[in-house]
A.B. asks: 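Below is the structure I would like to discuss, written out as structure tokens.
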Amino acid sequence: FYLLISGDTISATILFFYGLLFISTIDNVLRPYFISKRSHNLNIFVAIIGTLGGLYTFGVIGLILGPLVLSYLLIIIDFYKDGKLNEIFKD
């Protein structure tokens, strides 16, 4: 925005498209990869869906909350399938 306000529209446009094409693409590809590597049971596609869904639903904080909420949901579904859902809420 600074470059645009200062009148350097060519540099502002180049920087905008550089950020749009390279930085955001790399961020959207590498972040789920690293998230899935740290959590051994989380598939990379689930991490991508969680990241994009979290970003859409929660905004910027959704980049962290999205995969977290989705992985907790998958854990609850696994407990439900095994018939052990009541073990989650034991005292």
Side-chain angles (χ1 to χ4, degrees):
F1 287 119
Y2 174 75
L3 291 173
L4 191 61
I5 291 171
S6 67
D8 194 4
T9 56
I10 294 173
S11 295
T13 305
I14 291 171
L15 185 61
F16 173 75
F17 282 112
Y18 174 76
L20 184 69
L21 295 175
F22 293 107
I23 296 173
S24 67
T25 303
I26 290 171
D27 185 50
N28 288 334
V29 171
L30 289 181
R31 181 183 307 271
Y33 176 75
F34 287 125
I35 289 173
S36 67
K37 287 295 182 185
R38 287 190 179 179
S39 60
H40 302 286
N41 297 329
L42 189 62
N43 191 347
I44 190 166
F45 296 112
V46 174
I48 290 172
I49 291 171
T51 302
L52 294 177
L55 183 63
Y56 178 75
T57 305
F58 301 114
V60 175
I61 194 73
L63 293 173
I64 297 170
L65 285 179
L68 186 65
V69 168
L70 191 57
S71 64
Y72 282 144
L73 179 67
L74 292 175
I75 289 170
I76 290 172
I77 289 172
D78 283 342
F79 271 91
Y80 178 75
K81 283 182 184 177
D82 295 339
K84 300 177 182 179
L85 191 60
N86 59 354
E87 291 181 12
I88 295 175
F89 302 109
K90 280 188 176 181
D91 288 9

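Below, each value reflects all heavy atoms present in this structure, side chains not excepted, and no hydrogens, waters or symmetry copies. Numbers here simply count residues along the sequence, with the first being 1.
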A.B. asks: Side-chain heavy atoms under 4.5 angstrom apart, residues restricted to Ile, Leu, Val, Met, Phe, Trp, Tyr: same cluster for Y80 and Y72?
C.D. replies: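 Cluster IDs for Y80 and Y72 match.
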A.B. asks: Let me confirm one number: the CZ-OG1 distance from F16 to T9, rounded to the nearest 0.5 Å.
C.D. replies: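 The distance works out to 14.0 Å.
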A.B. asks: If you count every heavy atom of other residues, nucleotides or ligands that lies below 6.0 Å from I10 atom CD1, does the total exceed 12?
C.D. replies: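 No.
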A.B. asks: Side-chain heavy atoms under 4.5 angstrom apart, residues restricted to Ile, Leu, Val, Met, Phe, Trp, Tyr: same cluster for I77 and V69?
C.D. replies: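 No; tracing contacts between hydrophobic side chains, which count when under 4.5 Å, never links both residues.
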A.B. asks: What residues, two or more places apart in sequence or in another chain, satisfy ring pair (Phe, Tyr, Trp, His ring centres under 6.0 Å) together with F58?
C.D. replies: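 F58: no ring pair (Phe, Tyr, Trp, His ring centres under 6.0 Å) contacts found.
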A.B. asks: Would you confirm whether T57, through its side chain, and G54, through its main-chain N or O, come within 3.5 Å as a donor-acceptor pair?
C.D. replies: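 No, T57 side chain to G54 backbone: no donor-acceptor pair under 3.5 Å.
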A.B. asks: What's the separation between atom CG in L55 and atom CG in L65, rounded to the nearest 0.5 Å?
C.D. replies: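 Spacing of CG (L55) from CG (L65) equals 11.5 Å.
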A.B. asks: Any idea which heavy atoms bring L4 and A12 closest together, and the distance?
C.D. replies: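 That closest heavy-atom pairing would be N-CB, 3.8 Å.
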A.B. asks: Looking only at heavy atoms, what is the nearest atom pair of G62 and P67, with distance?
C.D. replies: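 That would be O-CD, 3.9 Å.
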A.B. asks: Quick check for you: to the nearest 0.5 Å, what is the distance between L70 atom CG and I48 atom CD1?
C.D. replies: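 Going from CG on L70 over to CD1 on I48, the span is 12.0 Å.
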A.B. asks: Using the rule that two of Ile, Leu, Val, Met, Phe, Trp, Tyr join whenever any of their side-chain heavy atoms come within less than 4.5 Å, decide whether I49 and L73 are in one cluster.
C.D. replies: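 Yes, it is one cluster - the side chains of I49 and L73 are joined through contacts under 4.5 Å.
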